[in-house]
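Heads up: the structure comes next, in structure tokens.
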Amino acid sequence: MPDVTPDAPTLELLPAVDVRDGQAVRLVHGESGSETSYGDPLQAALAWQQAGAEWLHLVDLDAAFGTGDNRDRIAEVTGRMDIKVELSGGIRDDDTLAAALATGCTRVNLGTAALETPEWVAKVIAEHGDRIAVGLDVRGTTLRGRGWTRDGGDLYETLERLNSEGCARYVVTDINKDGTLQGPNLDLLRTVCGATDRPVVASGGVSSLDDLRALAGLVPEGVEGAIVGKALYAKAFTLEEALEAVSS
Ligand SMILES: O=C(O)c1ccccc1NCC(=O)[C@H](O)[C@H](O)COP(=O)(O)O
């Protein structure tokens, strides 16, 4: 008999391009004003695509912070990608959701709306299914909205509500780790995976190939992917090395 055991699922990698004032930037703890600029977001996105990425995590930081938006730039970058795109930042109502989905992105990530307008989020989850993910951005177990500047309730109460509404996927960020190169919060990810049967995308803090291997070790518990920002821009490793490290 041939061995037909399927390969273990591989951790998906989502290199991040966060856009502020038209530029690709990295923040520390997601704080406005902590930006380091990395130039043209399209060039950054094309570089990750060229390096073999299957996903791009694309964030409109101005829309998240309420300091304007980069809607045209985001649509341009998304339109130039042959790979899957997850869009995040400031998607909070019918208008911003329609604009985001019209870019042709694979899915959108809702954050603030899940905390402030839960009825609307339940409605769009029902309408769009797998194209809607919810970002659970936390300090401790407290969710943060409005560009991570305002408290928005308890992580596990919100997770229970979203589970019951059929949310397809969660993007979980430990804000204390984000942009710090201090390693992901594996305990948080394990606990969230234990509280949902939906896939979880890990975000914030990846610093090394060992961090990615540790996240790959959580795939059986429900971690589906990992967003990687600062480590790639700081050249801690290349995307090719990262893809190799998590391939099973
Ligand atoms: O995603 C958002 O909506 C958002 C809002 C406000 C501040 C930051 C936001 N996202 C940041 C990211 O998604 C990061 O790119 C990602 O967590 C990567 O973190 P790291 O690898 O630690 O640079």
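Residues take their numbers from the sequence shown, with the count starting at 1. Atoms within a ligand are numbered from 1 in the order they appear, just like the ligands themselves. If you're wondering where the values come from, they're calculated on a predicted model, not measured in any experiment.
- Among residues at least two apart or in separate chains, ring pair (Phe, Tyr, Trp, His ring centres under 6.0 Å) pairs with a member in residues 10-62 are Y38-Y233, W48-Y233.
- Considering both main-chain and side-chain atoms, L27 never comes within under 3.5 Å of ligand 1 through any nitrogen or oxygen pair.
- Atoms of ligand 1 found under 4.0 Å from any heavy atom of A64 (numbered from 1 in listed order, with element): 5 (C).
- Protein heavy atom at the shortest distance from atom 3 (O) of ligand 1 is S88 OG, 3.0 Å.
- Contact between A231 and ligand 1 is absent, with no heavy atom of the residue lying under 4.0 Å from the ligand.
- Cluster annotation: I227 is not connected to V246 through the hydrophobic network of ILVMFWY side chains, with a link wherever side-chain heavy atoms come within less than 4.5 Å.
- Residues satisfying the side-chain hydrogen bond (donor to acceptor under 3.5 Å, both in side chains) criterion with R190, sequence neighbours excluded, are D187.
- Close approach to V59 involves these atoms of ligand 1, each under 4.0 Å from a residue heavy atom: 1 (O), 2 (C), 3 (O), 4 (C), 13 (O).
- Ligand 1 has an N or O atom lying under 3.5 Å from an N or O atom of S203, backbone or side chain.
- Distances shorter than 4.0 angstrom occur between a heavy atom of G89 and an atom of ligand 1.
- No more than 12 heavy-atom neighbours from other residues, nucleotides or ligands sit within 6.0 angstrom of CZ on R80.
- Listed by number with element, the atoms of ligand 1 under 4.0 Å from a non-hydrogen atom of A16 are 15 (O).
- A chain of hydrophobic side-chain contacts below 4.5 Å, direct or via other Ile, Leu, Val, Met, Phe, Trp or Tyr residues, connects L136 to V108.
- Looking at D18 and K230, no side-chain N of the basic residue comes within less than 4.0 Å of a carboxylate O on the acidic one, giving no salt bridge.
- Side chain to side chain, R20 and T67 meet the donor-acceptor criterion of an N or O pair below 3.5 Å.
- Among protein heavy atoms, atom 18 (C) of ligand 1 sits closest to R26 NH2, 3.4 Å.
- Atom 17 (O) of ligand 1 has as its closest protein heavy atom D178 OD1, 2.3 Å.
- Taking a 6.0 Å sphere around CG of D130, one finds it holds 12 or fewer heavy atoms contributed by other residues, nucleotides or ligands.
- Close N/O approach between H57 and ligand 1 is found [any backbone or side-chain N/O within under 3.5 Å].
- For CD of E165, the number of neighbouring non-hydrogen atoms (other residues, nucleotides, ligands) closer than 6.0 Å is greater than 12.
- Polar contact check, V228 against ligand 1: no nitrogen or oxygen pair lies under 3.5 Å apart.
- Close approach of ligand 1 to K230 (heavy-atom distance below 4.0 Å) involves ligand atoms 20 (P), 21 (O), 23 (O).
- Those atoms of ligand 1 that come under 4.0 Å of a heavy atom in I227, given as number and element, are 16 (C), 18 (C).
- At a cut-off of 3.5 Å, with distance as the only test, a side-chain donor of N163 or T196 sits close to an acceptor on the other residue.
- Polar contact check, D18 against ligand 1: a nitrogen or oxygen pair lies under 3.5 Å apart.
- The local environment of CD in E160 is sparse, with at most 12 non-hydrogen atoms from other residues, nucleotides or ligands closer than 6.0 Å.
- Here the closest heavy-atom approach between residue G204 and residue D178 is recorded as CA-OD1, 3.5 Å.
- Of the protein's non-hydrogen atoms, the one nearest atom 21 (O) of ligand 1 is G229 N, 2.9 Å.
- Of the candidates D174, I175, L61, T112, L61 brings a heavy atom nearest to atom 7 (C) of ligand 1.
- Taking every heavy atom of G179 and a limit of under 4.0 angstrom, the matching atoms of ligand 1 come to 20 (P), 22 (O), 23 (O).
- Protein heavy atom closest to atom 10 (N) of ligand 1, with residue, atom name and distance, is W148 CZ2, 3.6 Å.
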